[in-house]
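I have a structure I would like to understand better, so I am pasting it below and will then ask my questions one at a time.
Below, chain A is the first sequence line, B the second, and so on; all start at residue 1.
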Protein chains: 2
Amino acid sequence: MGRWKPDARGRLTLGALELFAERGYEQTTAAEIAERAGVTERTFFRHFPDKREVLFMGAKHLQDRVVAAITAAPASMPPIDVVGVAMESAAELLEEDRDYARQRWAVIAATPSLRERELLKMASLSAACAEALRARGVAELPAGLAAETGVTIFKLSFERWVSDEPSGTFTECIRDALAQLKGMTAGA
Amino acid sequence: MGRWKPDARGRLTLGALELFAERGYEQTTAAEIAERAGVTERTFFRHFPDKREVLFMGAKHLQDRVVAAITAAPASMPPIDVVGVAMESAAELLEEDRDYARQRWAVIAATPSLRERELLKMASLSAACAEALRARGVAELPAGLAAETGVTIFKLSFERWVSDEPSGTFTECIRDALAQLKGMTAGA
DNA sequence: ACACCTATGTCAGTGACCGACATCACTAGA
DNA sequence: TCTAGTGATGTCGGTCACTGACATAGGTGT
């Protein structure tokens, strides 16, 4: 065995979520997270650019998956439905561990500073979606519109899915929301 | 004349934008902003809960206006169009000073940390819209959908409006975007 | 054996932000 | 007119997020 216990990053990620859930994000210092993981504060900041990011390292993975789904969708499919299926593909990822998603969400929802970061990640996801749509030949404005709309549906469906009243699977929530939206914008 | 020069808050707000535009947000310390306004750093933080907020004090005003517009809209109007006219009303406010809006936007767009805050304000706007729609009797999910969609249209239209290629008035951009969206979601 | 690489520790610093207390022009009431 | 507030500010000391520079030592390849 090496000089240090392996997977310091994993221990930091796990320990951080535990501590945040126990006493809250603001009541937890980076030094305490590091201590629980058996490293120093400086090492924490070498693994994560800032304290919030310890909860968001999975975001890139999700985004890559969504972009891949957009790229892989049939060329004939209209942009709105492309983002729809892409969001369903993202939903599959989170559905693998609903309890984890819920606990993480509870922490984020309770902390404005973390909600900000979450929104930034969603904005990044939206920008990536728009880019992927443009690569399929969709024009600027419709690409932005469809991307933002897709992310909106993802966000609202996620909240319904992790809420207390059961609303079916994440995927069902997404299909529901998209159908509702189409209904709303159909008139006039 | 009183013990101190009046309108310290105004001087702080103005000075902050100037300094951010000159040397960038992160290269400007709160103490420097305070100094330019002729007060101490502590006073800066008594007027603004944090350094970012000095650029966002107008957000509440905008939100109130949007909510009022939603409340005042004819009862027969469908939710999507209600948020449409509400966003147009918000646009009027910003159209009063396009140069100011552009400069502020340039600073925000260049600074991730400020973009986060902007996103939080937009999320708050969206939540307020959803609430106002529910007060009109719109159900939970459609209210959230319409609110988020309205804010999306606002954001994208704002970016087109302040961009270099002229795209008409802010209001025109909004009408354009809403029409496009309706077209996109109409199919199937 | 040697040199290099890599993850970590150590240390000193900056800047955002907060609590507690002092100050003093201004103001309402005795 | 005196007097007890009140409110916006200054002062001081502290915590914590985050950073740069340098030291250390196991692992790896030659």
Salt bridge flag under 4.0 Å for residues B:Arg11 and B:Glu18: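 So B:Arg11 does not pair with B:Glu18 through a salt bridge.
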Plane angle bin for A:Phe158 and A:Phe154 - parallel if under 30°, tilted between 30 and 60°, otherwise perpendicular: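 The arrangement is parallel - the two ring planes meet at less than 30°.
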Whole angstrom value for the distance that separates P of C:dT23 from CZ of B:Arg3: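 Result: 10 Å.
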Spacing between B:Asp7 atom CG and D:dT9 atom C1', to the nearest angstrom: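 It works out to 15 Å between those atoms.
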Nearest-Å distance for atom pair CD/P, residues A:Gln27 and C:dC18: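 So the two atoms are 13 Å apart, to the nearest Å.
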ILVMFWY cluster, A:Trp105 and B:Leu120 together (side-chain gap under 4.5 Å):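 A:Trp105 does not cluster with B:Leu120.
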Atom-to-atom span, CH2 of B:Trp4 to P of C:dC24 - whole angstrom: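 Taking CH2 of B:Trp4 and P of C:dC24, I get 10 Å after rounding.
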Length of the CD-P vector between A:Glu35 and C:dT10, whole Å: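 From A:Glu35 CD to C:dT10 P: 13 Å.
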Where do N or O atoms of nucleotides 17-20 of chain D meet protein N or O atoms at under 3.5 Å, pair by pair?
from, atom 1, to, atom 2, distance (Å)
D:dA17, OP1, A:Lys51, NZ, 3.2
D:dA17, OP2, A:Ala30, N, 3.3
D:dC18, OP2, A:Lys51, N, 2.5
D:dG20, N7, A:Arg42, NH2, 2.8
D:dG20, O6, A:Arg42, NE, 2.7

Distance test, side-chain N/O of A:His47 to OP1/OP2 of C:dA7, below 4.0 Å: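 No, no such contact exists.
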Salt-bridge contact B:Glu131-B:Arg134 (side-chain N to carboxylate O under 4.0 Å):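 Salt bridge: yes.
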Nearest-angstrom distance from the residue atom CG of B:Leu19 to P of C:dG15: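 Taking atom P of C:dG15 as the reference, CG of B:Leu19 is at 14 Å.
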A:Thr40 vs C:dG9: side-chain N/O to OP1/OP2 distance below 4.0 Å: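 True: A:Thr40 side-chain N/O within range (under 4.0 Å) of C:dG9 OP1/OP2.
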Ion pair check, A:Lys51 and A:Glu41, cut-off under 4.0 Å: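 Between A:Glu41 and A:Lys51 there is no salt bridge, as every charged N stays at least 4.0 Å from the carboxylate O atoms.
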N-O pairing of A:Asp97 and A:Arg104 below 4.0 Å: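 Salt bridge between A:Asp97 and A:Arg104, a charged N being under 4.0 Å from a carboxylate O: no.
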